[in-house]
Structure formats: C-alpha cells, structure tokens
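Right, one structure below, let's go through it.
Chain letters run A, B, ... following the sequence lines, proteins first and then strands; every chain starts at 1.
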4 protein chains.
Amino acid sequence: MSRETVGMIFEAAVKVFAERGFDRAKMDDIAREAGVAKGTIYYHFTSKDELFTALMNHGLQKMKEYVRRRMDEVKQPTLKLRGLLEAEVSYLFQHGTFAKLLLAEVWSSNERQYEFRAHIHELESIIREVLEVGIQEGDFREINATETSIAIFGAMSVTVLQEVFRDIHLSGEELANTRTTPVVDMLEMLLHQGILKN
Amino acid sequence: MSRETVGMIFEAAVKVFAERGFDRAKMDDIAREAGVAKGTIYYHFTSKDELFTALMNHGLQKMKEYVRRRMDEVKQPTLKLRGLLEAEVSYLFQHGTFAKLLLAEVWSSNERQYEFRAHIHELESIIREVLEVGIQEGDFREINATETSIAIFGAMSVTVLQEVFRDIHLSGEELANTRTTPVVDMLEMLLHQGILKN
Amino acid sequence: MSRETVGMIFEAAVKVFAERGFDRAKMDDIAREAGVAKGTIYYHFTSKDELFTALMNHGLQKMKEYVRRRMDEVKQPTLKLRGLLEAEVSYLFQHGTFAKLLLAEVWSSNERQYEFRAHIHELESIIREVLEVGIQEGDFREINATETSIAIFGAMSVTVLQEVFRDIHLSGEELANTRTTPVVDMLEMLLHQGILKN
Amino acid sequence: MSRETVGMIFEAAVKVFAERGFDRAKMDDIAREAGVAKGTIYYHFTSKDELFTALMNHGLQKMKEYVRRRMDEVKQPTLKLRGLLEAEVSYLFQHGTFAKLLLAEVWSSNERQYEFRAHIHELESIIREVLEVGIQEGDFREINATETSIAIFGAMSVTVLQEVFRDIHLSGEELANTRTTPVVDMLEMLLHQGILKN
DNA sequence: AATGAATGAGGTTTCATTCAT
DNA sequence: CATGAATGAAACCTCATTCAT
C-alpha cells in the first residue's frame, strides 16, 4: 500500500509543517499524525528536507494546475484576471496550512529555498502573462507587467494570510466559501480603478 | 560598557537571525559575530526568544518612527500616501536583513508571534489611517480601508523582498538609492489609477 | 535455485563485509550487491551475525583444507613449513577481502568472536604441528612450538595484509602470482637462519 | 577544569572503545564512564570519529616516545633490537586495551584509517632503522629491512594480543611484569638464530 | 560585567529484523 | 522461495541555558 502510505505521510506533513513551521516540526509528530512509524517516513523520504521539498513542490504544482484550469475558462483579460484571483484566493483559503508554509518558508534562507522561489516565480508569471496579454489587447495601461505581477501576488497572498490567521477557527472550506468573493472584490476594485476618487 | 556590548549583540543578532531565520540561528554564532562570550548574551537577555523580540520591537519601532516622521512632512492624502510608501520601501531596502526577518517570521506560528503580529498591525494601521483621512476628505473612493491597507502592505513588502533577494549583492544603501523611486512609482500608479486603460 | 541464491549472497557478503567491516556493512548493501531482496537473506540466514559466522567458517574451512592439501605433498619438516607458508600466503593474497576480515574482526570483542578465535587457533595449530614434528625429528631447535607458531602466524598475516593494502589496485590473482614467492622467501629466511650474520 | 575533563574523557574512551570496538562503542557509555554529560564530550571533540582519532594518535605518540627512549639507552644493534622489542611488548601489555584497538581498527577500512596506518608505519620504521644500522655495521645479514620489519611487527603484536586475550583476567601491570621477558626471549631467539637446528 | 565549560533534553537518522503477500 | 514495505529501538549530535569564577 505504498500509494496509501505516502499519501498519509503527505497529509500529516502538510498539517504539522504548517502548524509549526519547518524547524519546529518534529518527525515524531508527523509520524504520529500519519499513523505510521517514524522509520516508515524515512523509508519513503531520504530526509526531513526532502519530505518538505516534495511536499511544497506537490502543493505548488497542484495550485498552478488549479489556477490554470480555472483561467482557461475565460478569454477576456479583465475576466481572466478575476478568474485568476478567484482561483488563487480560493485555493489558498482552502489550503490555509499550505498558504502559511508558502509565505513563511519562502523567505527563510537556505539552499532548499532556491528551488522553492522558482516555483513562486511561476505563480507570479501566470499573473504577468495575463497582464501582458491585457496590455497588448489594449485593456490594460502600459504598466510594468513584471513588477506589477509581484505586487499583485503580494497583495493577494498577504491579505489571504491575514484572514486565515484572524479566523483561525474556520475551516478552509468555510473560509473559501464566505471570504473569497469579498477579498477578490476588494483586490479587483483596487486593481481596476485604484483608490483615487475621480 | 554595557551600552557598547548590548549594541554589539544587537547588530550581530540582526545579522545572524536574518541570515538563518530564528530557529536556525545559534546563540553561539551570535556570540562569535558580536565578539562576546555566549554567557554575556544571557547576562543582558533572558533568552533567545527575548533577544529576538527585543530586536524586532526595536526594528519595528525605528521603522514606525521613521515612517511617521516622513509622513508628517505633508498633509494632503495622496502626497501623504506617497510619503508613506517611500518611507517604508526605503527603510526596508536599507535594512534588508530586517525586512527578511519581518516577512519570514510573522507567519511562523508560535506564541512570540502574537506580539509580533500586533506590531505589523500597527504598520498597517498607519496605512489605514491615511486611507481613512483620504476617504473622509473626498480624495479617495469609498473603499474598505482596513482590507485595502493590508493589501497595500502586502504588495509593498513582497515587492521589496523580491528585489532584495534578486539583487542580493547590492548594499542596502545602494538598493534604497536606486530602487526606491521606481518601486514607489509602480505602486503609486497601481494604487491611484489601477490597471484599466480608460 | 536455493544453491544459486545462497551463493550470490555469500559472494556479496564477503565483498561488503570486507569493504566495510562487520558493523558498517548493511544488509541492504549485501542484498543489492547480491541482486536479491533483503527479505531473501533472512529466508536463508537467521541474522546478520549468523551470515557473518557462516561466511567466516566457510572461508576458514576452505583455507584450512587448501593448506592441508598443499602440505601433504611433502614430508620433510623444512619443506613442509615452506609449503605451509606458501599455501597460507597465496590463499590470503587470492582472497584479500577475506584476509582483511580475518585480521580486522578477530580482535573485535564480542561473543561471536569466541568461535572465531577458535578457528584461528586451528590455523596456528597447523603451524605448531609442523614445528613439533620438526623438533622431534631433530630438524628444528628446542623452541616453544606454541608461542612460536603464533609469532609465525602474526608475521605472515600482517605482512600479507600490508601488501594487500599497499597494492590495493591489484587483483588477488595478480598479487598471489607476483608476491607470494618473495614474501615466503623473506619469511623462510627469517625463520630458518634469523637475522644475525654469522 | 578543561585539562581534567578531557583527561577523564580520554581514559573512559580508551576503555570503552577497546571493550567494544569503534562501532559498538556508545558515546553514552563513554560519557557515563567518564562521569560527564554526553554534551561535554561534544564540547571538546567534534565527533565520535575525532575523539577516536585523537585517542589513537595520542596513544601511538606515547608509545613511540616510550620506545625511542628505551632504545636510546643502548647503541649496539642486537641490544638495540632487544630493547626495542622489550619496550613495545611491555608497552602493549601495560596498555592491553590500546593494543586491542591498535590491531582491531587498523584494518577496518574507512578514511580515518589512512592517517592511522601512517602511524603504524612509523612504528615499523623504528624497527627498520635498527635493522638497517645492524646491516650496515655488519651485525645483521643482508635482509630486506622493510619487509622484515613488518614481519617482526606482526609477530610481536599478534603474540602480545594472543596473550592479552588468553589471560584476560590479569592486569596490564601483571602481564607486563610476568610475560614480557618470556615473549621477548622467544622473539629474540627466533629473530637471531631462526628455528633450524645447526 | 563578562566568561566559557558543562549540561541534558530533544531531535534526526540508521538499520537489523519482521511479516503479509 | 522470494519480496519489500513497515517497524522501532537505539545511536549520534545539537544547542539553549546555567553557573562557578
């Protein structure tokens, strides 16, 4: 039941890593949470580091797929941008534990993070591509797509995290259902019209 | 020379904490970097945790003072907002190591972070206050000041971090001098007019 | 194909044990080297210890047989002694990995070694018997046969080991072919006439 | 009390390593035997490996000094050789635990042993030098000094080890007092005159 | 005020062995 | 006969903290 076991470990690891962060997470806790012996984790993963990396790569991959799928449903740049935001916000709400890891560990400096930031870069690229198409098609102004995409990613992710921490008692499902639309509305309004009155 | 010693420890601690993150930073390294014995750190600080908290509080206090000072120079909301952004961006660029800590450790979940997030909250509040005044005075639209201020903080901080990591070889001074204006311009344009063309 | 499998395991085990020593040798490595699953080893041997013991007993048995066979070809004590030395030296050269194990593990103190040292004792006894006959027949002086046989065994085995380690790149075959005669000549001269000039 | 502590650890380590061999020796046992906390060992030595290496280097250094001192008392080659044998045999008897380590660990293959065999080489060199002088001065026959010195070292060390294991209940002091002379006599006779009768 | 040797709880990793298939 | 996933006891090592000087 390899498939099964690795799955249990993955789930447990996401939970424990998100609760405690990489360094404070204990392999013991992950093993207990997964309902397997500690040695079993090491049978499937070389080290704590490898487990973490595998985990994040998996999560980011899933997130990217989810986002791309949702975005392909529409073509018009402004709608595409909203779809993108909706997808990312809702995904992060649903996987709040993963979201915490994402922002907490990207900036912690060690070798592992190099590969890690590359993934984040891809998420930003998705935003950038939408912006570029929008600029080309005349929907968006002549902004710097690269820098703007980073700013949008920051605005979105920090906002989501803030809510996750505020409503710590809500499930990911509940958060996603009730908070996605307001947050996306806010971001969209900000991005579309800015804050100036006239 | 208590003043002297505490100062050395502070400087060393900022550096080591920023390089390694809280958990991977060793008291031994801080002591070596500061040129004092390990016991000396414990003579001045109760624990690693207290040292870290003192450090961050100090840094955030300084940042808040710096920001408030710069903001008080102007009254008009849009100018005030630009002054605010300029101040924060330039401060974070100049203290890149501190900036890393700021974003890396806010999200790592443990008791210490309660107090910590409260400080971040204050930074967001500064933004929020500007927004609220602007709304009241009719300069800004009727946006949700609280949520928007968080989004702005996210956009600003993640953008800065991205640049700090990209141009890792540049000194804080250099980064602040060359990158502050472009980044603030980008953010201001985004916030003022949004990205839509007409 | 039990015969086949056990053979593969034996060969792999000699190699891995000799390369790493008993404690550093991993059942995993032996299994991989043998091209079988780890469980298979345990189907044929109760434990790592048993595998090792079986291995050494087998090797020592083979060595003793080889030595006795070569010795029985001659009767005269001095010739017998040379035949004995030639046989042991050539056997150890040819099975350098086994030779390493022999000297490395005899002295490592644990229960298993009781049985093990008994085997070594037998090798020394072969030498002792030759000496005793030689003394009785008036060919050798009235030396202490027991102690002298041990000294001879030590001189022989350490010399061989030294050469095995020195010319680590040579095959057992090559070593046996080129180095046996010189080494035996040296030992024989030492034993026959000693080092004093007149 | 650094001097003191390191000394306690050294003594405990020699004992435990010799009783169990490198791999089976537990840092826990060494700590308990030394009467210090496990961490204390790591405060003074980087790793188990380093502790072991430091230990062996120290022991070999002491042995070499002891041997050289004893040898310098006489000038005539045959007397020098006897002095040398007496010194080595008596040293190994007195430090039986060290002797076990010496022969058990030299042959166990890993990086650390490279440096280790170099030390053994020096011990052999002392013998070789005596042989060379003896040959030059016409006391010894034209033997191969290098190979012969190795054989002598093997004969001597294996004989000593054998006795150490046989009379395991005797103290090093007792062994040295009662067995040194017989063993050296045997070796000397073997080396001087060989075993042939006429 | 400052030191640094000593501590020990706690964490990661290893690996011989088992057992259901 | 053979497999290999799973186990868990045990080992090495780390490091925040203490305390006598």
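At the heavy-atom level, D/A31 lies nowhere under 4.0 Å from the strands shown.
No cation-pi contact links A/K62 to A/F98, judged by a cut-off of 6.0 Å to the six-membered ring centre and 45° from its axis. By the 6.0 Å and 45° rule, C/K100 stacks over the aromatic ring of C/F165.
Distance CD1 (D/I30) to C1' (E/dA6): 18 Å, rounded to an integer number of Å. Nucleotide F/dA9 holds its P atom 19 Å from the CZ atom of D/R24, rounded to whole Å. The CZ-C1' distance, from A/R20 to E/dG10, rounds to 14 Å in whole Å. Atom CG of A/L51 is separated from atom P of E/dT12 by 11 Å (rounded to the nearest Å). With rounding to whole Å, C/I9 atom CD1 is found 8 Å from F/dA2 atom P. The interatomic distance linking A/D28 (CG) with E/dT12 (P) rounds to 7 Å, in whole Å. We find that CG of C/D23 is positioned 11 Å from P of F/dC12, with the value rounded to whole Å. Rounded to a whole Å, the CE atom of B/M8 is 14 Å from the C1' atom of E/dA2.
C/K38 has no side-chain polar atom (N or O) that falls below the 4.0 Å cut-off from OP1 or OP2 of F/dG4. A sub-4.0 Å separation between OP1 or OP2 of E/dA1 and a side-chain N or O of B/T40 is absent. Not one side-chain nitrogen or oxygen of C/Y43 sits closer than 4.0 Å to the OP1 or OP2 atom of F/dC1. Residue A/Y42 has no polar side-chain atom (N or O) positioned under 4.0 Å from OP1 or OP2 of E/dT14.
Checking E/dT12, F/dA6, F/dA2 against the side-chain heavy atoms of C/T5 singles out F/dA2 as nearest. Nearest to the side-chain atoms of A/S47 among the listed nucleotides E/dT3, F/dC13, E/dT13 stands E/dT13.
With contacts defined as side-chain heavy-atom distances shorter than 4.5 Å, the pair B/L161/B/L92 does not qualify. D/L51 places a side-chain heavy atom less than 4.5 Å from the side chain of D/I30. Contact of the B/R24 side chain with the A/D23 side chain is registered, since non-hydrogen atoms from C-beta on lie closer than 4.5 Å.
Taken to the nearest 0.5 Å, the NZ atom of B/K15 stands 10.5 Å off from the CG atom of B/D29.
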Just to be sure I follow the notation: if a pair is Watson-Crick (purine N1 to pyrimidine N3 plus N6-O4 or O6-N4) or a G-U wobble (N1-O2 and O6-N3), each under 3.5 Å, what dot-bracket string does DNA chain F give, with | for pairs to another strand?
.||||||||||||||||||||

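Both A/V36 and B/K26 sit near DNA chain F, but only A/V36 has its closest nucleotide nearer the 5' end. Residues C/G39 and B/M27 each lie close to DNA chain F; by heavy-atom proximity, the contact nearer the 5' end of the strand is made by C/G39. Between B/I41 and A/K48, the residue anchored nearer the 5' end of DNA chain E, judged by the nucleotide with its closest heavy atom, is B/I41.
Environment of NZ in B/K64: crowded, with over 12 heavy atoms of neighbouring residues, nucleotides or ligands closer than 6.0 Å. Counting non-hydrogen atoms of neighbouring residues, nucleotides and ligands closer than 6.0 angstrom, the CD atom of A/E11 reaches no more than 12 such neighbours.
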